[in-house]
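Note that the structure is a prediction, hence the values are computed from the model and not measured. Start at 1 and go down the list; that is how both ligands and their atoms are numbered.
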Amino acid sequence: MKETAKLEIAKIGYELPPLPYAYEALQPVLDVETMHLHHDKHHQAYLTNLLAALDKHPQLKEKAPQDLLRELAAIPEDIRTAVRNHGGGHVHHSIFWTMMKPGGGGPPAGKIADILGEFGGFEAFKTKFNEAGLKHFGSGWVWLVRTPAGKYEIVTTPNQDSPFSQGQYPILVNDVWEHAYYLRYQNRRADYLQAWWGVVNWDEINRRISTIG
Ligand code: MN
């Protein structure tokens, strides 16, 4: 029981989760201005727009936001696109903030190290993951997901389309929307993807492997 409680991941609700570190804590990988804009403006806007849509069907707020994405096909048609876009934006960013921490990075340990072994080890995985993120055309996300069959795969999704809507469970994610990196890296998405591993939070990723939420 204690073990389970320890492994519980932060619950996503219908409010803006504060960053789990200071805005300047991820420098130099992510600059302060990007963190403010990304969290306070972009993420907030997704949440605001999601809440506006849910005002039309308030009973849906009894479900967790990621469950709305899991059950997207059953969402009333008049707000389905809004839930897909803004619900996706809210859920994905809520997970994304936890993917990083000051003093993160380094080699993976624990269960994630075993999983990355299936990809040929961390360096090979990193190359494949960065390549997937780099080749993704336009806005979107790059993920390591667990499939319904229990396999681990690298996938990308356009815009705010969600792995949750495919029955997949996100283990590790990076944001490849330009707003995530443009101020510091301009058009150099590859440099951003490479640098991002310097703040990756392996503890949280191991927590996600051990639980579901
Ligand atoms: Mn973003």
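Between the Mn ion (ligand 1) and the N, O or S atoms of H179, the shortest distance is to NE2. The name of the N, O or S atom in D175 nearest to the Mn ion (ligand 1) is OD2.
Contact check on E77 versus R80 returns no salt bridge, with no Lys/Arg side-chain nitrogen under 4.0 Å from an Asp/Glu carboxylate oxygen.
Shown here are the side-chain hydrogen bond (donor to acceptor under 3.5 Å, both in side chains) partners of K61, two or more places apart in sequence or in another chain: there are none. Residues meeting the salt bridge (charged side-chain N to carboxylate O under 4.0 Å, His left out) test with D40, sequence neighbours left out: none.
Looking only at atom types and distance, the side chain of H93 has no donor-acceptor partner in the side chain of H39 under 3.5 Å away.
An angle of 90° is found at the Mn ion (ligand 1) between H93 atom NE2 and H38 atom NE2, rounded to 10°.
For the Mn ion (ligand 1), the N/O/S atoms of H42 include none lying under 2.8 Å. Not a single N, O or S atom of H43, from either the backbone or the side chain, sits less than 2.8 Å from the Mn ion (ligand 1). The Mn ion (ligand 1) has no N, O or S atom of H92 inside 2.8 Å of it.
Checking side-chain atoms of R184 against main-chain N and O of L30 turns up no donor-acceptor pair under 3.5 Å.
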